[in-house]
Protein chains: 2
Amino acid sequence: MIDTTPAELRLNLGRNLTHGLLDALGRAIVTGQYDNGAFPTEAELAKQHGVSRSVTREAVKMLTAKGLVSARPRQGTIVQPRSSWNLFDTDVLRWLLNRKFSLDLLRQFNQLRSAIEPEAAALAALLADDNDLAAINAGLERMKAAETGGEQILEADIAFHVAVLKGSKNPFFAQFQDVVGTALRSSIQFTNRLKGHSASIPDHAAVAHAIMKRQPDKARAAMKKLVSDVLDLIDAAEPGKAAAKRR
Amino acid sequence: MIDTTPAELRLNLGRNLTHGLLDALGRAIVTGQYDNGAFPTEAELAKQHGVSRSVTREAVKMLTAKGLVSARPRQGTIVQPRSSWNLFDTDVLRWLLNRKFSLDLLRQFNQLRSAIEPEAAALAALLADDNDLAAINAGLERMKAAETGGEQILEADIAFHVAVLKGSKNPFFAQFQDVVGTALRSSIQFTNRLKGHSASIPDHAAVAHAIMKRQPDKARAAMKKLVSDVLDLIDAAEPGKAAAKRR
DNA sequence: TAATGTCCATTTATATGACGAATAGGACAT
DNA sequence: ATGTCCTATTCGTCATATAAATGGACATTA
């Protein structure tokens with residue numbers, strides 16, 4: 001039972017009741033609140049959260065669009081298996097990382113980065129335009145400026161990686177802008193522990209330099225090293241599972 | 001102006017009015033129907049398609065969840081820039097590939113595969129369980145059996161790649177199951193032209209063999225070759241743009 | 001004139017109540 | 001044991017009314 005009040009829902013995401021309820025339900029689903037029992041009916045949801053049926057219906061429709069649930073008459077609304085959740089939806093990702101944070105998930109996410117970002121860097125070295133290059137440099141400069149650590153450097157770090165993804169001129173890679181941003185921000189409680197390494201300025205500079213010089217292979221390798229270092233740190237934090245290596 | 005009737009909407013996706021309208025609006029948006037003029041208001045949409053406001057609202061809410069539009073009071077509903085569309089939503093991807101099919105998009109999608117699938121194959125070589133291995137082999141056998149070509153071999157091909165992604169035991173890679181399936185099926189009109197190459201049995205067998213033998217590096221290399229061949233064919237079909245190489 | 005505050009029109013957001021359609025599961029007959 | 005039918009339940013759809021938000025017009029004021 002979650003039993004939120006309308007006021008709380010409104011505060012939740014700063015928008016409106018529908019988005020507030022969406023957020024509440026999303027979190028509840030990813031934390032497994034409905035794994036055994038069935039998902040509440042329209043009427044029950046409306047009653048529990050003190051909102052109208054319209055609001056619940058629209059929230060549930062959005063959950064459907066993100067793959068978390070499916071609804072059929074008489075059967076009711078049912079939570080879909082995790083495999084059909086859209087992990088690249090920033091809402092879903094945020095819910096997952098915030099509530100049930102796990103090293104496993106962080107490792108798996110960085111395995112993804114390790115596949116995506118080096119290729120994106122290589123493409124950026126070939127295709128990035130002046131704007132992209134400027135953004136990449138700007139991100140690097142911000143990192144240097146905020147070298148003290150903390151939230152500053154995290155945002156600068158994100159800006160750098162986002163700029164590279166965008167510079168790839170491939171919309172599928174560019175799509176990961178939000179994903180990477182969301183994931184890095186959501187997992188800050190962990191990554192803070194390994195700061196100083198993950199935000200290694202020289203390694204980032206090497207990526208930027210290779211892209212500027214239009215050297216895709218060097219850019220790929222430099223970016224690969226960067227992400228690999230993060231993966232090494234994660235494995236080091238949990239030696240047991242290190243079997244899942246990825247080089 | 002699209003002006004569908006409720007009956008047409010129902011047929012569209014075989015489900016209900018809401019999903020039918022979602023589909024119609026999604027297609028209209030990705031084909032740029034609303035790029036200059038503004039998106040219709042709730043009332044207009046309801047009138048144009050002969051459905052109630054509830055249906056339009058829920059369809060629009062789903063579009064919102066997929067990042068295609070945003071809605072605010074007084075401002076109305078506005079189509080978001082392409083960069084914020086969720087390309088990894090199978091609906092969005094299907095709409096994009098069906099209506100405005102382009103070699104560019106196909107190339108970019110295969111650049112993504114070229115980043116993802118080799119790493120997934122390497123992980124699968126390390127982590128796939130017996131079920132996964134069986135599925136990979138089954139896909140390969142289906143390909144051999146359907147060697148005549150046509151739709152049979154495409155489905156077998158998809159099954160093979162999906163099995164590898166699943167075998168990676170990484171939910172982010174596994175997520176691409178639907179994406180790869182949707183994209184391959186949607187781009188069949190083009191890929192048919194280059195069949196026989198893209199579905200090279202020996203190359204697929206090499207991937208499967210490396211995974212069975214638990215050789216991640218070989219699996220990665222074999223999968224890389226497989227996707228690279230597709231990319232080469234795409235570049236060959238459109239020599240001008242081949243500058244966007246990706247090795 | 002320029003800055004600021006007030007009001008208004010428009011559009012989405014929310015609420016409510018009613019009815020329709022589909023179907024899971026049981027009752028019943030065979 | 002099997003197939004058929006019925007019914008209760010739940011989502012799907014519709015209609016209408018009211019609230020909230022906001023961009024812009026307009027008035028006010030320094």
Side-chain angles (χ1 to χ4, degrees), chain A residues 3-26 29 34 37-80 91, chain B residues 4-25 29 34 37-80 91:
Chain A
D3 274 1
T4 9
T5 71
E8 284 169 2
L9 287 186
R10 224 179 275 272
L11 287 177
N12 252 350
L13 209 64
R15 287 214 257 175
N16 48 34
L17 288 183
T18 302
H19 281 82
L21 181 58
L22 169 68
D23 208 58
L25 293 179
I29 289 173
Y34 301 118
F39 198 79
T41 68
E42 249 180 51
E44 286 168 348
L45 277 181
K47 192 176 180 184
Q48 282 173 11
H49 298 86
V51 295
S52 73
R53 275 186 57 205
S54 318
V55 172
T56 67
R57 284 191 60 77
E58 286 165 20
V60 169
K61 272 281 160 14
M62 290 209 269
L63 290 174
T64 306
K66 293 173 189 299
L68 295 203
V69 304
S70 88
R72 286 170 52 190
R74 166 69 209 188
Q75 182 188 358
T77 304
I78 54 178
V79 175
Q80 294 289 99
D91 288 329
Chain B
T4 8
T5 70
E8 285 170 1
L9 287 186
R10 224 179 276 271
L11 287 177
N12 252 350
L13 210 62
R15 288 211 257 174
N16 50 32
L17 288 183
T18 303
H19 280 82
L21 182 58
L22 169 69
D23 207 58
L25 293 179
I29 290 173
Y34 301 117
F39 198 78
T41 69
E42 245 181 57
E44 287 167 349
L45 277 180
K47 192 176 180 184
Q48 283 173 11
H49 298 87
V51 294
S52 73
R53 276 188 57 202
S54 315
V55 173
T56 66
R57 284 192 59 77
E58 285 166 19
V60 168
K61 272 281 156 20
M62 290 209 267
L63 290 174
T64 305
K66 293 172 190 298
L68 295 203
V69 304
S70 87
R72 288 170 51 191
R74 163 73 209 188
Q75 181 188 0
T77 303
I78 54 178
V79 175
Q80 294 290 101
D91 287 329

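These figures come from a predicted structure and were not determined experimentally. Sequence lines set the chain letters: A, B, ... in the order given, protein chains first and strands last, and positions in each chain run from 1.
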Which of the following nucleotides, [options], is nearest to the side chain of [X]?
X       : options                : value
A:Ser54 : C:dT16, C:dT14, D:dG12 : C:dT16
B:Arg57 : C:dT12, D:dC11, D:dC14 : C:dT12
B:Val51 : C:dA13, D:dC14, C:dA15 : D:dC14

Separation of [N] [atom2] from [X] [atom1] (nearest whole Å):
X       : N      : atom1 : atom2 : value
B:Leu22 : D:dG12 : CG    : P     : 13 Å
B:His49 : D:dT13 : NE2   : P     : 14 Å
A:Leu17 : D:dA19 : CG    : C1'   : 11 Å
A:Ile78 : D:dC11 : CD1   : P     : 11 Å
B:Leu45 : D:dC14 : CG    : P     : 13 Å
B:Met62 : D:dC11 : CE    : C1'   : 13 Å

Closest approach of [X] and [Y], non-hydrogen atoms and distance?
X       : Y       : result
A:Ala65 : B:Lys66 : O-NZ, 3.2 Å
A:Thr77 : A:Ala71 : OG1-CB, 3.8 Å
A:Thr56 : A:Arg53 : OG1-O, 2.7 Å

Short side-chain donor-acceptor distance under 3.5 Å, A:Gln80 and A:Ser70: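 A donor-acceptor contact under 3.5 Å links the two side chains.
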Presence of donor-acceptor pair under 3.5 Å, side chain of A:Arg53 and base of D:dT13: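 Counting by modelled atom types and ignoring angles, a donor-acceptor contact under 3.5 Å is found here.
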Test item: A:Val69 and A:Leu25 side chains (from C-beta on) under 4.5 Å apart, heavy atoms: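 Not in contact.
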A:Leu63 side chain near A:Leu22 side chain, heavy-atom distance below 4.5 Å: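 In short, these two side chains touch, coming nearer than 4.5 Å.
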Under 3.5 Å, which protein N or O atoms sit close to an N or O of nucleotides 7-10 of chain D? Give each pair with its distance.
residue: D:dT9; atom: O4'; partner: A:Arg74; partner atom: NH1; Å: 3.2
residue: D:dT10; atom: O2; partner: A:Arg74; partner atom: N; Å: 3.3

Interatomic distance, B:Glu58 atom CD to B:Leu21 atom CG [nearest 0.5 angstrom]: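 It comes to 10.5 Å.
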Does [X] place a side-chain N or O at less than 4.0 Å from the phosphate oxygens OP1/OP2 of [N]?
X       : N      : result
A:Lys61 : D:dG12 : yes
A:Ser52 : C:dT14 : no
B:Thr18 : D:dT13 : yes

